[in-house]
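Shown next, in structure tokens, is the structure this report addresses.
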Amino acid sequence: MASDKQIKRIRNIGIIAHIDAGKTTLTERILFYTGKTHKIGEVHDGQATMDWMPEEQERGITITSAVTTCFWQGKEIHIIDTPGHVDFTMEVERSLRVLDGALGVFCAVGGVEPQSETVWHQADKYKVPKMAFINKMDRLGADFWRVVEELRERLGVNPLILTIPLGAEDTFSGVFDVIRQKLIVWDDATEGREFRELDIPAEHQDYVAGARENLLEALAELDDDLMEKFLSDEDIPETLIHKVVRQACLNLDGVPVFCGSALKNKGVQPVLDGIGRYLPSPLDIPPVTGINPATGEQEERRASVNSPLAALAFKVQMDQGRKMTYVRIYSGILVSGAEVWNATKEKKEKIARLLRMHAMKRERVKEAGAGDIVAAMGLKLAQTGDTLCDAEHPILLESIGTYQPVISVAVEPRSTADQGKVDFALSKLAEEDPTFRVKLDDETGQTIISGMGELHLEVLTHRLLREFNVPVRVGKPQVVYRETIRKPAEVTEHFDREIGGARQSATVTVHVEPLERGTGNQVTSALPEDALPEDLETQTMETLKQALESGVIQGYPMVDISVVLRDIDYEEGVTTDIALKAAASMAVRKACEMAEPVLLEPMMLLEIITPENFMGEVIGDLNSRGGKVENIEARGNMQVIRAIAPLSQMFGYSTALRSITQGRANFNMVFSHYDPVKQGGQ
């Protein structure tokens, strides 16, 4: 456990990127060079340390965030290697929520790809300071400066370029350190563990000096002291440059940029130096804030072992049938064997064991303190987003947002006798993954599972067999639609019946109106104070929210609707909770029926990279699927088509694209937004 003095040495960082940018490959080098592992595990061999799940090793992709700790030059670095595939965006979201810094990895050929933008903006949402590593400089088509320009244009960052490449593609042989004006070359015989620093060859001196001048110019705008020295042509000490780069990074005014090739073991150590030098410790970020449930007042917790405990459960994982909860400690101390207060569930829980994780290897620890990321066994109630704290000093931290599933399939056991096992296994998987939903279809009796994409559901159904030994039959994928309304409506609904020998009556008036797409639902009360007892008003508001969970067209959840409780006729002794709930529910339903309800479908953003001679076929196929081309740009000798298309028309697209381009095109697809279903749709 770190003392307050040691907390400033901690770096809690995530490695984020698009699929295939090289995140896991980079992480493997970091673990090797910091001495955490003694052999480099390769993704393509299924041997990557951080990809420990059988599903990850077979597919060569990261599915679940893995946590590890390593040490570099006196810094204790906690790393979370996050997935790059869009179907596992929630894994990135919950990791970024608890991290202090992030390292974005970009392919020198692919540049800023759609999922790169998604995860970068997720980090922006949590105000996470970031660095960038432009990887794969050895690949055919690598272009460092084009990717820097894309960082500037697509992500809106101010790049602070700290290493630049010597050569590209098969001539890439090292990097120039822009601040120290040195050439760094790596020794292949030691798998890049050893490197040499050389003077810059005469033919490259102008190139590197120009990069340093541009860096100082960018930094001069951020610091008066450096500006003064820059304008008067004074020598600027390295310590001042590092200090200003760090401050720019912490203030989100700039992004330190490095380059290299993780697979070829080049360029990784400067990134490690940068993590320690520029990314924040838990002391550099503002104290975490939350609500005191007892007073309703906002409170903050400073990153100190002497502050009361405040920790966030950010991930639940099933480990051989037992529940393991990953926890980020913001303040105070978590002790193995001690009781903690789950402020979200308002219940006490006991921590049986505390573990420091290295992917799936673990080390038992007696206690952990502010700044640490650990796994806890024994927490029966905790779920993603729950706050663990000291019962004497309760605090409720902001929870972790989740995503709505966009695709469903029906699953059924191979034999009726296995139904109970399937239900149990699905409930365990749903506990792990907030984007995975399970429900029983009342009409067909089928079990319907919903998730973020075809791969997401495929992985989960494979895990049913692998981890729970329950084989299932899987139906065809179905799109998860939504419903909304087009215009305002107001309805007064009266409920008056005799139930159990007593009259139960209520009259409720609600007003509904559409909100901007993506806003979510808003349920508010316009009742005057004391119009209704507080407990009845709370129950009525909850009923209004629940009424939006099942739409009026086909029963899909309703979104982007404002519901205002305008009026209630309250008669003491007669107006009961049953009557209020019935009247409120009927009022919302009737109002939505009058407000021009409409079915919405998920629209996907596609980026298709294809040789130019197949452009006509690719665009023609997109048009036939109801897609709309947004723009086309050249990337080397390939063309990049950006388009929006309905998910319902995109099943099996990878096979179709391979067929019409002779296997030479590839594509990325991420969820964009919901749009009304066109006539002839579902």
Side-chain angles (χ1 to χ4, degrees), residues 289-299 343-346 385 394 396 398-399 401-402 404 482-553 555-598 600:
T289 59
I291 302 295
N292 182 324
T295 64
E297 298 291 314
Q298 185 164 307
E299 292 184 5
T344 311
K345 300 286 189 293
E346 298 185 338
L396 198 54
E398 183 190 347
S399 191
T402 187
Q404 293 300 318
R482 296 281 183 273
E483 297 180 24
T484 192
I485 55 176
R486 291 184 192 267
K487 67 175 192 181
E490 190 163 306
V491 164
T492 301
E493 192 62 38
H494 183 59
F495 179 90
D496 194 337
R497 285 193 198 157
E498 193 171 296
I499 302 172
R503 182 175 165 232
Q504 308 212 28
S505 173
T507 303
V508 174
T509 302
V510 298
H511 176 88
V512 299
E513 62 181 66
L515 296 173
E516 195 176 322
R517 191 77 64 245
T519 309
N521 293 328
Q522 294 174 5
V523 180
T524 53
S525 171
L527 296 180
E529 272 189 51
D530 304 327
L532 200 60
E534 192 178 332
D535 61 325
L536 285 181
E537 185 170 348
T538 304
Q539 287 180 42
T540 307
M541 297 300 286
E542 194 55 43
T543 302
L544 296 177
K545 286 180 193 165
Q546 288 170 0
L548 296 173
E549 289 174 9
S550 178
V552 296
I553 304 172
Y556 289 108
M558 305 199 77
V559 294
D560 306 329
I561 296 175
S562 162
V563 181
V564 181
L565 179 58
R566 281 275 165 87
D567 193 25
I568 283 182
D569 287 347
Y570 177 68
E571 198 179 329
E572 198 164 347
V574 177
T575 303
T576 62
D577 59 340
I578 293 173
L580 278 170
K581 285 178 181 177
S585 189
M586 290 191 300
V588 170
R589 192 161 186 85
K590 278 200 179 170
C592 289
E593 283 171 354
M594 293 166 54
E596 284 187 18
V598 61
L600 300 173

Let's go through His494 and Thr507 carefully: what are the C-alpha distance in whole Å and the side-chain angles of both, what is the deciding distance for side-chain contact (heavy atoms from CB on, under 4.5 Å) to 0.1 Å, and is it a yes or a no? CA-CA 4 Å; His494 183 59; Thr507 303; 2.5 Å; yes
So Arg517 and Leu600, side-chain contact (heavy atoms from CB on, under 4.5 Å) or not? Walk me through it. CA-CA 10 Å; Arg517 191 77 64 245; Leu600 300 173; 3.9 Å; yes
Please test Leu565 against Met541 for side-chain contact (heavy atoms from CB on, under 4.5 Å), starting from the C-alpha separation and ending with a verdict. CA-CA 8 Å; Leu565 179 58; Met541 297 300 286; 3.9 Å; yes
Using side-chain contact (heavy atoms from CB on, under 4.5 Å), reason through Thr575 and Leu580 one step at a time and then give a plain yes or no. CA-CA 7 Å; Thr575 303; Leu580 278 170; 3.8 Å; yes
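A side-chain donor-acceptor contact under 3.5 Å links Glu483 to the backbone of Val552. With hydrogens and angles ignored, the 3.5 Å screen pairs a side-chain donor or acceptor of Thr484 with a backbone N or O of Val559. For Thr538 (side chain) and Glu534 (main-chain N/O), a donor-acceptor pair under 3.5 Å exists by modelled atom type. Checked by atom type and distance alone, the side chain of Asp560 never pairs as donor or acceptor with a backbone atom of Leu515 at under 3.5 Å. Listed for the Asn292 side chain is no donor-acceptor partner under 3.5 Å among the backbone atoms of Glu299.
Taking all atoms of both residues into account, the shortest heavy-atom contact from Ala506 to Ala583 is O-CB, 3.9 Å. Scanning both residues, Lys487 and Met594, for their nearest heavy atoms gives CE-O, 3.2 Å. Summarising the geometry of Arg486 relative to Val598, their closest heavy-atom pair is NH2-CG2, 3.4 Å, with the distance given to 0.1 Å. Nearest heavy atom pair, residue Gly385 against residue Ser399, reads O-OG, 3.3 Å. The two residues Arg503 and Asp496 have their closest heavy-atom pair at NH2-OD2, 3.0 Å. The shortest heavy-atom contact between Ala489 and Ala591 is CB-O, 3.5 Å.
Rounded to the nearest 0.5 angstrom, Gln546 CD and Lys581 NZ are separated by 7.5 Å. Interatomic distance, CG of Leu548 versus CD of Gln522, reported as 11.5 Å (0.5 Å rounding). To the nearest 0.5 Å, the span separating CD1 on Ile553 from CD on Glu593 amounts to 10.0 Å. Separation of atoms CD1 (Ile578) and CZ (Arg497) is listed at 11.5 Å; rounding is to 0.5 Å. Atoms CG and OG1, from Leu396 and Thr289 in turn, are 11.0 Å apart once rounded to the nearest 0.5 Å. Put simply, OG1 on Thr540 and OH on Tyr570 are 10.5 Å apart, with the number rounded to the nearest 0.5 Å.
Side-chain N/O atoms of Ser505 and Glu571 include no donor and acceptor closer than 3.5 Å.
Looking only at side-chain heavy atoms (C-beta outward), Met558 and Ile485 come within less than 4.5 Å of each other.
Tested against Thr509, the residues Val564, Asp567, Val491 include a single side-chain contact (heavy atoms from CB on, under 4.5 Å) partner, Asp567.
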